[in-house]
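We're numbering straight along the sequence, starting at 1.
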Amino acid sequence: MKRTRTTISVFLRIGLVVLLFALLAGVLALAFNYVGNGQRNFYVKYGKETIISEKKGVELPKDSFSIFQCNTLTGQPIDYDVQIYLNVKNIDNFDFSVDDNRKNFKNDLTEYDCIKSFNVTKSDTYFVVFVPADLTLEKVIQAKYPDKVISGVPAVTLDAKDSFILTVTDGVEKLKTQIYFC
């Protein structure tokens, strides 16, 4: 009887060790799949914060350069694109004129990349955004319609929370990292 207990105990220990190794192998396989395949590999770093998909409430200093680093978890070569859009959800809709032609703020500026207003410079692993202290909504609209007469733009404070959306698109995974800022 004692021999049977010892045999069962040995088989139980061997079974637990095999089960533990199988569990460990499964966890490692899931982790590899997560990092190498199913999880976002590309990220943007601003200051000490790593941003993988979205960050709201970021305040960029005015009349200053802000540096954003781009990288991948696996050290792959980086390919990315940068756009800046007005956050039309946070600004009341209005009509304005461009050379006496009526335009609507939300209809005409939802997809407008206003990157020219921020003097963005891009390198292989980082990009720099300059936020002018005197940036107004009228200046942003004027940049879209250069050499045109703009009228009817209300005095909107762009210092309000999340007036702009900085969108960084990963060239490999084609996923977007969005940083809402003012």
Side-chain angles (χ1 to χ4, degrees), residues 34-36 38-94 96 98 103-148 150 152-182:
Y34 182 72
V35 170
Q39 185 250 350
R40 291 198 59 183
N41 189 23
F42 179 82
Y43 66 90
V44 177
K45 190 168 187 173
Y46 176 62
K48 294 181 180 180
E49 185 163 6
T50 299
I51 305 165
I52 293 179
S53 62
E54 181 179 273
K55 175 71 177 165
K56 293 186 177 183
V58 175
E59 288 196 37
L60 300 183
K62 309 297 185 266
D63 260 356
S64 183
F65 294 96
S66 298
I67 299 172
F68 294 84
Q69 296 175 340
C70 299
N71 211 336
T72 61
L73 295 174
T74 57
Q76 296 168 323
I78 301 167
D79 180 27
Y80 66 96
D81 193 26
V82 179
Q83 293 102 11
I84 298 176
Y85 300 102
L86 281 161
N87 188 357
V88 296
K89 293 178 182 176
N90 281 10
I91 300 172
D92 291 333
N93 197 16
F94 61 89
F96 63 99
V98 177
K103 301 283 185 183
N104 180 271
F105 174 69
K106 289 193 178 185
N107 290 340
D108 292 303
L109 295 170
T110 297
E111 296 295 320
Y112 171 57
D113 182 3
C114 54
I115 200 166
K116 290 185 257 178
S117 299
F118 294 94
N119 193 22
V120 173
T121 54
K122 182 180 159 190
S123 82
D124 290 343
T125 59
Y126 68 91
F127 62 94
V128 179
V129 176
F130 180 81
V131 180
D134 62 346
L135 185 65
T136 64
L137 185 55
E138 187 167 355
K139 287 182 180 182
V140 171
I141 294 172
Q142 187 69 58
K144 180 177 181 178
Y145 302 104
D147 304 323
K148 306 273 184 189
I150 309 295
V153 178
V156 174
T157 303
L158 295 177
D159 289 338
K161 185 178 179 185
D162 299 341
S163 295
F164 296 96
I165 305 169
L166 171 65
T167 302
V168 184
T169 306
D170 173 21
V172 175
E173 295 174 343
K174 304 295 183 204
L175 298 173
K176 296 181 183 203
T177 301
Q178 293 187 314
I179 301 167
Y180 292 75
F181 72 96
C182 55

Exercise. For Asn93, what residues pass the side-chain contact (heavy atoms from CB on, under 4.5 Å) criterion, not counting sequence neighbours?
Worked result: Asn104, Phe105, Lys106
Problem set entry | Heavy-atom pair with the smallest gap, counting every atom of Gly171 and Lys174 | O-NZ, 2.8 Å
Exercise. What is the distance from atom OG of Ser163 to atom CG of Leu86, rounded to the nearest 0.5 Å?
Worked result: 8.0 Å
Exercise. Checking side chain to side chain donor-acceptor pair (under 3.5 Å) for the pair Asn41/Thr74: CA distance, chi angles, key distance, verdict?
Worked result: CA-CA 7 Å; Asn41 189 23; Thr74 57; 3.0 Å; yes
For this session: Identify, with sequence neighbours excluded, every residue that meets side-chain contact (heavy atoms from CB on, under 4.5 Å) alongside Asn71.
Result: Tyr43, Ile78
Exercise. Just wondering, do Leu109 and Lys144 contact through their side chains at under 4.5 Å, heavy atoms?
Worked result: yes
Exercise. Looking at Ser117 and Ala143, what are the two nearest heavy atoms and their distance?
Worked result: OG-CB, 3.9 Å
For this session: Please list all pairs passing the salt bridge (Lys or Arg N to Asp or Glu O under 4.0 Å) test where one or both residues lie in residues 56-68, with sequence neighbours left out.
Result: Lys62-Asp159
Exercise. Considering residues at least two apart in sequence or located in another chain, which fulfil the side-chain contact (heavy atoms from CB on, under 4.5 Å) criterion with Pro61?
Worked result: Tyr46, Ser64, Ser66
Exercise. Considering only heavy atoms from C-beta outward, does the side chain of Phe96 approach that of Glu138 to under 4.5 Å?
Worked result: no
Problem set entry | Criterion side-chain contact (heavy atoms from CB on, under 4.5 Å) on Thr177 and Ile52, from CA distance to verdict | CA-CA 6 Å; Thr177 301; Ile52 293 179; over 6 Å; no
Seminar exercise, completed: Only residue of Phe118, Phe130, Phe68 satisfying side-chain contact (heavy atoms from CB on, under 4.5 Å) with Leu60 is Phe68
Exercise. Heavy-atom distance under 4.5 Å between the side chains of Leu175 and Thr169, does that happen here?
Worked result: no
Seminar exercise, completed: Those residues at least two apart in sequence (or on a different chain) that pass side-chain contact (heavy atoms from CB on, under 4.5 Å) with Val172 are Asp170
Exercise. Where do Cys114 and Ile84 land on the side-chain contact (heavy atoms from CB on, under 4.5 Å) test, with the steps shown first?
Worked result: CA-CA 6 Å; Cys114 54; Ile84 298 176; 4.0 Å; yes
Problem set entry | Minimum heavy-atom distance Thr110-Tyr85, with the two atoms named | O-CD2, 4.2 Å
Exercise. What distance do Gln76 atom CD and Glu173 atom CD have between them, rounded to the nearest 0.5 Å?
Worked result: 7.5 Å
For this session: Kindly indicate, with the supporting measurements, whether the criterion side-chain contact (heavy atoms from CB on, under 4.5 Å) is fulfilled by Val140 and Tyr112.
Result: CA-CA 10 Å; Val140 171; Tyr112 171 57; 4.1 Å; yes
Problem set entry | Set of residues satisfying side chain to side chain donor-acceptor pair (under 3.5 Å) with respect to Asp81, sequence neighbours excluded | Gln83
Exercise. How far apart are the closest heavy atoms of Ile91 and Leu158, and which atoms are they?
Worked result: CD1-CD2, 4.1 Å
Exercise. Are any non-hydrogen side-chain atoms of Phe65 and Val131 less than 4.5 angstrom apart?
Worked result: no
Exercise. Mind checking whether Phe164 and Phe181 have parallel, tilted or perpendicular rings, split at 30° and 60°?
Worked result: parallel
Problem set entry | Nearest-0.5 Å distance, CD of residue Glu54 to OH of residue Tyr180 | 4.5 Å
Exercise. Looking only at heavy atoms, which two atoms of Asp162 and Val58 are closest? And how far apart?
Worked result: OD1-N, 4.2 Å
For this session: Apply side chain to side chain donor-acceptor pair (under 3.5 Å) to Lys139 and list each qualifying residue two or more places apart in sequence or on a separate chain.
Result: Asp134
Exercise. Listed by chain and number, what are the side chain to side chain donor-acceptor pair (under 3.5 Å) partners of Asp147, not counting sequence neighbours?
Worked result: none
Problem set entry | Flag side-chain contact, heavy atom, 4.5 Å: Val82 against Thr167 | no
Problem set entry | Side-chain heavy atoms of Phe127 within contact of Gln69, under 4.5 Å | no
Seminar exercise, completed: So the salt bridge (Lys or Arg N to Asp or Glu O under 4.0 Å) pairs with at least one residue in residues 107-123 (sequence neighbours excluded) are none
For this session: Mark yes when over 12 heavy atoms from residues, nucleotides or ligands other than Tyr126 sit less than 6.0 Å from its OH; otherwise mark no.
Result: no
For this session: Report yes or no: does Tyr80 contribute a side-chain atom to a donor-acceptor pair with the main-chain N or O of Cys70 at less than 3.5 Å?
Result: no
Exercise. Quick one: are Ile150 and Tyr145 in side-chain contact, heavy atoms under 4.5 Å?
Worked result: yes
Exercise. Residues two or more places apart in sequence or in another chain: which of them pass side chain to side chain donor-acceptor pair (under 3.5 Å) with Lys55?
Worked result: Glu49
Exercise. Where do Gly152 and Phe94 come nearest, in terms of heavy atoms and distance?
Worked result: O-CD1, 4.1 Å
For this session: For the residue pair Thr121 and Val129, establish whether any side-chain heavy-atom pair is separated by less than 4.5 Å.
Result: no
